[in-house]
Undergrad: 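I have a structure I would like to understand better, so I am pasting it below and will then ask my questions one at a time.
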Amino acid sequence: RKRLLEHGARQKEWISKVYDWSPSIIVQILHSEDYTGKATWYFDNATDYSIQIPPIIDRDQWERVQAIIGRNTRLSSRNTKGIYLLQGLAVCGECGGTVSPVVRKFHYRKLANGDTRKYTLEEPLFAYRCHKGSRVTNRPDHSGRVNWSGKVLDAAVWEEIVNNGIKRPEVIREQVLNRQAALKAQGDSLDGDIARTRTRINEIDEERAAYQRMYARKRITEDEFDRRMEETKEAAQSLQDELTQLKVLRDDKERVDAGLRYAQELFAAIRDNLPEIDQSPDELDVMPENERRWVLERRQEILRALIDRAVLYPDGSVLIEGLLDGSEKVRIGLGDLGTSGRG
């Protein structure tokens with residue numbers, strides 16, 4: 001927004017706007033597919049109409065923007081007061097649901113006479129909880145725990161990243177080199193397949209538009225129109241899935257190479273400052289609140305730079321995904337983390 005204002009760029013219908021380039025307008029622009037060369041109108045009867053228009057940006061760039069927006073939304077701290085290292089990164093290994101930190105400030109104890117007494121904890125305790133699994137009446141695919149001790153989990157993941165990543169980049173490098181060799185064996189040149197798949201997707205879009213025009217002119221019945229639209233919709237989705245897979249294969253080697261360079265530079269920078277933020281859990285407990293928060297904020301930044309997600313399993317193990325830009329995975333065993341949120 002600041003850059004647009006500095007360049008004197010005028011917004012469409014700017015005279016009627018109270019503020020130039022409001023955040024809501026910019027959000028609409030960032031989410032709009034029109035700029036990729038495809039304009040679509042959606043109607044109340046669940047039909048849509050698309051036409052091809054001159055693109056301003058390529059589809060790959062638009063998809064990268066959507067991924068960044070989604071990740072930023074997922075990692076937003078919102079109104080949380082504490083610093084939780086895996087917030088926005090943790091998912092449940094059983095149901096795939098979101099796992100978020102929950103803080104408990106009180107403890108309830110049942111007395112001998114049947115009454116329940118509420119106690120205020122000296123220090124709030126936090127745990128990571130699967131939202132789907134925490135529903136008593138609806139716990140799909142949950143045979144085990146739905147809570148993980150936050151303090152133990154954060155400490156264990158941080159220790160793994162430090163000991164087998166930051167302090168030992170040669171281990172990561174060896175994994176990446178093996179990954180590169182596997183990708184080369186698959187074949188590096190997929191541009192032709194990608195181009196042909198994109199062409200077929202455009203042909204189906206044009207076919208759908210033709211059916212829409214025929215239906216508007218009453219040249220086909222409503223039943224036939226619905227059938228044709230459903231068939232082409234399924235075909236378009238299938239081709240889109242194929243295109244995504246082809247692009248992943250094509251881009252994997254480039255992403256791994258870039259991730260390796262990025263990680264090596266990042267690890268080197270982190271190692272220089274590691275003594276300032278690599279305290280034990282006991283040392284963190286006795287630190288002043290402002291210093292502890294600063295340390296946790298730095299750790300959180302590092303984990304978010306290296307981890308795409310952490311999958312939590314009932315047996316206490318954690319699958320860390322995302323080292324080197326999503327190309328590598330490492331699994332660590334945490335044993336019994338407990339479910340109370342205690343350290």
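Only this structure's heavy atoms are used, side chains among them; waters, hydrogens and symmetry mates stay out.
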Undergrad: Looking at residues at least two apart in the chain, or sitting in another chain, which of them share a side chain to side chain contact (heavy atoms under 4.5 Å, CB included) with E224?
TA: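 For E224, the residues satisfying side chain to side chain contact (heavy atoms under 4.5 Å, CB included) (neighbours in sequence not counted) are I220, T221, R227, R228.
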Undergrad: I need the minimum non-hydrogen distance between E94 and P314, along with the two atoms involved.
TA: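 Minimum heavy-atom contact is OE1-CG, 3.2 Å.
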Undergrad: Could you walk me through whether K38 and I53 pass side chain to side chain contact (heavy atoms under 4.5 Å, CB included), step by step?
TA: CA-CA 6 Å; K38 178 182 177 181; I53 59 177; over 6 Å; no
Undergrad: Quick one: side chain to side chain contact (heavy atoms under 4.5 Å, CB included) partners of V27, sequence neighbours excluded?
TA: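 By the side chain to side chain contact (heavy atoms under 4.5 Å, CB included) rule, V27 matches H31.
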Undergrad: Does Y35 have any ring-ring contact (aromatic ring centres under 6.0 Å, His included) partners at least two apart in sequence or in another chain, and if so, which?
TA: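 Y35 satisfies ring-ring contact (aromatic ring centres under 6.0 Å, His included) with no other residue.
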Undergrad: Only one of W148, Y84, Y128 forms a side chain to side chain donor-acceptor pair (under 3.5 Å) with D154, so which one is it?
TA: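 Considering W148, Y84, Y128, a side chain to side chain donor-acceptor pair (under 3.5 Å) with D154 is found only for Y128.
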Undergrad: Quick check: do M287 and V295 have side-chain heavy atoms less than 4.5 Å from each other?
TA: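 Yes; the side chains approach each other to less than 4.5 Å.
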Undergrad: Is the shortest heavy-atom distance from the side chain of L5 to the side chain of W21 under 4.5 Å?
TA: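 When only atoms from C-beta onward are counted, W21 and L5 do touch, with a gap below 4.5 Å.
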Undergrad: Just list the side-chain donor-acceptor pairs under 3.5 Å for residues 278-285, sequence neighbours left out, or say none.
TA:
{"from": "D278", "atom 1": "OD1", "to": "W158", "atom 2": "NE1", "distance (Å)": "3.0"}
{"from": "Q279", "atom 1": "NE2", "to": "E276", "atom 2": "O", "distance (Å)": "2.7"}
{"from": "S280", "atom 1": "OG", "to": "E283", "atom 2": "N", "distance (Å)": "3.2"}
{"from": "S280", "atom 1": "OG", "to": "E283", "atom 2": "OE1", "distance (Å)": "3.4"}
{"from": "E283", "atom 1": "OE1", "to": "S280", "atom 2": "N", "distance (Å)": "2.9"}
{"from": "D285", "atom 1": "OD1", "to": "K151", "atom 2": "NZ", "distance (Å)": "3.3"}
{"from": "D285", "atom 1": "OD2", "to": "K151", "atom 2": "NZ", "distance (Å)": "2.7"}

Undergrad: Residues two or more places apart in sequence or in another chain: which of them pass salt bridge (Lys or Arg N to Asp or Glu O under 4.0 Å) with E291?
TA: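 For E291 there are no salt bridge (Lys or Arg N to Asp or Glu O under 4.0 Å) partners, ignoring immediate neighbours.
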Undergrad: Going hydrophobic residue to hydrophobic residue with side-chain gaps under 4.5 angstrom, can you get from W62 over to I51?
TA: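 Unlinked, W62 and I51 end up in two clusters.
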Undergrad: Would you say E33 and T40 make side-chain contact, with heavy atoms under 4.5 Å?
TA: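 When only atoms from C-beta onward are counted, T40 and E33 do not touch, as no gap falls below 4.5 Å.
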Undergrad: Got a salt bridge between R59 and E63, using NZ or NE/NH1/NH2 to carboxylate O under 4.0 Å?
TA: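 Result for this pair is yes, salt bridge flagged.
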Undergrad: Do I69 and L30 touch side chain to side chain, with heavy atoms closer than 4.5 Å?
TA: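 The answer is yes, as the side chains (C-beta and beyond) meet within the 4.5 Å cut-off.
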Undergrad: Going by salt bridge (Lys or Arg N to Asp or Glu O under 4.0 Å), name the residues that satisfy it together with R1, two or more places apart in sequence or in a different chain.
TA: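 Residues passing salt bridge (Lys or Arg N to Asp or Glu O under 4.0 Å) with R1: none at all.
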Undergrad: Are Y49 and M214 co-members of a hydrophobic cluster defined by side-chain heavy atoms under 4.5 Å apart?
TA: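 Each belongs to a different hydrophobic cluster.
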Undergrad: For the residue pair A39 and D34, what are the closest heavy atoms and their distance?
TA: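 Heavy-atom minimum between the residues: CA-OD1, 3.5 Å.
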Undergrad: Could you tell me if the side chain of L89 sits less than 4.5 Å from the side chain of R304, heavy atoms only?
TA: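 Contact flag for R304/L89 side chains = yes.
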Undergrad: Under a 3.5 Å distance rule, please check whether R208 uses its side chain to pair with a backbone N or O of M229 as donor and acceptor.
TA: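 Yes, because the side chain of R208 sits within donor-acceptor range (under 3.5 Å) of the backbone of M229.
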Undergrad: Show the nearest heavy-atom pair for residues V99 and C92, with the distance to one decimal.
TA: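 That would be CG2-N, 3.4 Å.
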Undergrad: Rounded to the nearest 0.5 Å, how far apart are CG of L239 and CZ of R200?
TA: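 L239 CG to R200 CZ: 6.5 Å, rounded to 0.5 Å.
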Undergrad: Taking the side chain as C-beta and beyond, is there a heavy-atom pair between V102 and F126 under 4.5 Å?
TA: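 A side-chain contact under 4.5 Å is absent here.
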Undergrad: Taking atom CD1 of I83 and atom CZ of R292, what is their separation to the nearest 0.5 Å?
TA: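 The CD1 atom of I83 sits 11.0 Å away from the CZ atom of R292.
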Undergrad: For residues 275-304, which residue pairs qualify under ring pair (Phe, Tyr, Trp, His ring centres under 6.0 Å), counting only residues two or more places apart or in two chains?
TA: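 Counting only pairs at least two positions apart or across chains, no ring pair (Phe, Tyr, Trp, His ring centres under 6.0 Å) contact touches residues 275-304.
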Undergrad: Going by heavy atoms in the side chains, are L153 and L312 under 4.5 Å from each other?
TA: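 Yes, close enough: below the 4.5 Å cut-off.
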Undergrad: Suppose we screen for salt bridge (Lys or Arg N to Asp or Glu O under 4.0 Å). Which residues come up paired with E297, at least two apart in sequence or across chains?
TA: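 Expected list: R293.
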Undergrad: If the threshold is 4.0 Å, N to carboxylate O, is there a salt bridge linking E6 and R3?
TA: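 The answer is no: the pair does not qualify as a salt bridge.
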Undergrad: Quick one: do V157 and I320 satisfy side chain to side chain contact (heavy atoms under 4.5 Å, CB included)? Show the steps, please.
TA: CA-CA 8 Å; V157 171; I320 300 175; 4.1 Å; yes
Undergrad: Between atom CD1 of I26 and atom CG of L4, what is the distance when rounded to the nearest 0.5 Å?
TA: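 If we round to the nearest 0.5 Å, I26:CD1 and L4:CG are 6.0 Å apart.
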Undergrad: Between D60 and R198 (salt bridge meaning N to carboxylate O under 4.0 Å), is one present in this structure?
TA: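 Yes, this pair counts.
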Undergrad: When rounded to the nearest 0.5 angstrom, what is the spacing between CG in L303 and CZ in R298?
TA: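 One gets 12.5 Å once the value is rounded to the nearest 0.5 Å.
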Undergrad: Taking atom NZ of K233 and atom CD1 of I204, what is their separation to the nearest 0.5 Å?
TA: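 It is 13.5 Å, given to the nearest 0.5 Å.
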Undergrad: Between S100 and T98, does any side-chain donor sit less than 3.5 Å from a side-chain acceptor?
TA: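 Judged by distance alone, the side chains do not pair up.
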Undergrad: Taking salt bridge (Lys or Arg N to Asp or Glu O under 4.0 Å) as the test, write out the residues that go with E230, two or more places apart.
TA: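 Per chain and number, E230 pairs via salt bridge (Lys or Arg N to Asp or Glu O under 4.0 Å) with no residue.
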Undergrad: For V65 and I57, run side chain to side chain contact (heavy atoms under 4.5 Å, CB included): C-alpha distance rounded to whole Å, both residues' side-chain angles, the deciding distance at 0.1 Å, then the answer.
TA: CA-CA 11 Å; V65 170; I57 61 174; over 6 Å; no
Undergrad: Using the salt bridge (Lys or Arg N to Asp or Glu O under 4.0 Å) rule, collect all pairs that involve residues 213-222, keeping only residues at least two apart or in two chains.
TA: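 Listed by first then second residue: nothing to list.
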Undergrad: Could you list the residues that satisfy side chain to side chain contact (heavy atoms under 4.5 Å, CB included) with V91, not counting sequence neighbours?
TA: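 Partners of V91 under the side chain to side chain contact (heavy atoms under 4.5 Å, CB included) test: R309, V311.
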Undergrad: Looking at C130 and C95, what are the two nearest heavy atoms and their distance?
TA: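 The answer is SG-SG, 3.5 Å.
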Undergrad: Is there any ring pair (Phe, Tyr, Trp, His ring centres under 6.0 Å) pair reaching into residues 204-223, and which pairs are they, with sequence neighbours excluded?
TA: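 Sorted result for residues 204-223: Y215-F225.
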Undergrad: For the CD atom of Q52 and the CG atom of N202, what is their distance to the nearest 0.5 Å?
TA: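 With rounding to 0.5 Å, CD (Q52) is 5.0 Å from CG (N202).
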Undergrad: Could you tell me which non-hydrogen atom of I277 sits nearest to which non-hydrogen atom of I302, and how far apart they are?
TA: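 Distance-wise, the nearest heavy atoms are CD1-CD1, 3.5 Å.
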